[in-house]
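Scroll down for the structure; my scribbles are underneath it.
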Amino acid sequence: MNIYHTDLAMECGRVSAGGELPGVRVERSERGSVSRVRVDVLDEEGERETGKPLGAYTTLYSDSMEQGSDSWEALCAMLSEEISAMAGLNSECENDSVLVLGLGN
């Protein structure tokens, strides 16, 4: 028996194959060489399909991570936008703070 586990919602079953899933919304976008995949698990059916609890899961990735490059700037901008959206920040919140902690490899 082959057991496959992933932490990334975008790699779950039919999400990775580009198929539509009940209870799941997938949005893909690109900025330069940076790609974004956002997977929203909307209900219990989506939880069963993905193996993930209700919520929003965003993955940003790029082939180039050279600091100072256009890819780096695009990646930083997209990450900032995602964190701001998740924290409910807007342009009027310029003095607010968010602590971001990265764990893993």
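Position 1 is the first residue of the sequence, and the numbers go up from there. Keep in mind that what you see is a predicted model, and the values were worked out from it rather than measured.
Annotation for Gly46 and Val24: closest pair CA-CG2, 3.6 Å, computed over non-hydrogen atoms. Taking both residues in full, the closest heavy atoms of Gly23 and Asp43 are given as CA-OD1, 3.2 Å, listed atom of the first, atom of the second, then distance. Considering all non-hydrogen atoms of both residues, Thr58 and Arg38 come closest at OG1-CG, 3.7 Å. Looking at every heavy atom in both residues, Val34 comes nearest to Ser71 through CG2-O, 3.5 Å.
A single hydrophobic cluster is seen to contain both Val26 and Tyr61, as judged by linkage of ILVMFWY side chains at heavy-atom distances under 4.5 Å, directly or through other members. Placement of Ile83 and Trp72 within a single hydrophobic cluster is found when ILVMFWY residues are connected by side-chain heavy-atom separations under 4.5 Å, directly or transitively. Residues Leu79 and Met86 are members of separate hydrophobic clusters, defined by side-chain heavy-atom contacts under 4.5 angstrom among Ile, Leu, Val, Met, Phe, Trp and Tyr.
Put simply, CZ on Arg48 and CG on Leu21 are 12.0 Å apart, with the number rounded to the nearest 0.5 Å.
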> Between Lys52 and Val39, does a side-chain contact (heavy atoms from CB on, under 4.5 Å) hold up when you go through it step by step?
Replying inline: CA-CA 10 Å; Lys52 301 290 181 198; Val39 178; over 6 Å; no
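In this structure, Glu73 places its CD atom where more than 12 heavy-atom neighbours from other residues, nucleotides or ligands lie under 6.0 Å away.
Among Glu44, Glu45, Glu49, the one residue that satisfies the side-chain contact (heavy atoms from CB on, under 4.5 Å) test with Glu47 is Glu44.
Salt-bridge check for Glu81 with Arg36: failed, with every basic side-chain N at 4.0 Å or more from each acidic carboxylate O.
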